[in-house]
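Below: the structure, in structure tokens.
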Amino acid sequence: LFFMTTLTAWFLIVSGVTYGGFVSYSPPLPTKAACEKFQQNLYHSLQHGDTFSSKCVENTIFIASPAPVPPQKNVKQFAKPKH
């Protein structure tokens, strides 16, 4: 049994023509403003005569994890038998 969690995040998608073309994406970013700041910083570092484009995209991520086990109430503790 799995428990599903959703996370909405922003990603910067970058494509270019260097080395026959590439597509890359950033790690998840928490807000559109954070993505746009990352985009501006990246733009300055990629200006080496290459033609590229970038875009901030919002996406929902689904994370599967085992279902949490609820705490048990009224469980009697038994002493270990002595041998």
Please report, to 0.1 Å, the donor-acceptor pairs under 3.5 Å made by any side chain of residues 26-34, with sequence neighbours excluded.
{"unit_1": "S26", "atom_1": "OG", "unit_2": "L12", "atom_2": "N", "d": "2.9"}
{"unit_1": "T31", "atom_1": "OG1", "unit_2": "A34", "atom_2": "N", "d": "3.0"}

Open item on the list: V14 vs F52, test: side chain to side chain contact (heavy atoms under 4.5 Å, CB included). Steps then yes/no.
Closed with: CA-CA 7 Å; V14 180; F52 71 94; 4.1 Å; yes

Which side-chain N or O atoms in residues 2-10 pair as donor and acceptor under 3.5 Å with protein atoms at least two apart or in another chain?
none

Distance, nearest 0.5 Å, that separates [atom1] of [X] from [atom2] of [Y]:
{"X": "F11", "Y": "I61", "atom1": "CZ", "atom2": "CD1", "value": "3.5 Å"}
{"X": "F38", "Y": "S54", "atom1": "CZ", "atom2": "OG", "value": "10.0 Å"}
{"X": "C35", "Y": "K55", "atom1": "SG", "atom2": "NZ", "value": "11.0 Å"}

Task: side chain to side chain donor-acceptor pair (under 3.5 Å) partners for S53, two or more places apart - done: S15

- [ ] Determine, using the 4.5 Å side-chain heavy-atom cutoff (strictly less than), whether V57 and F22 are members of one ILVMFWY cluster.
- [x] no

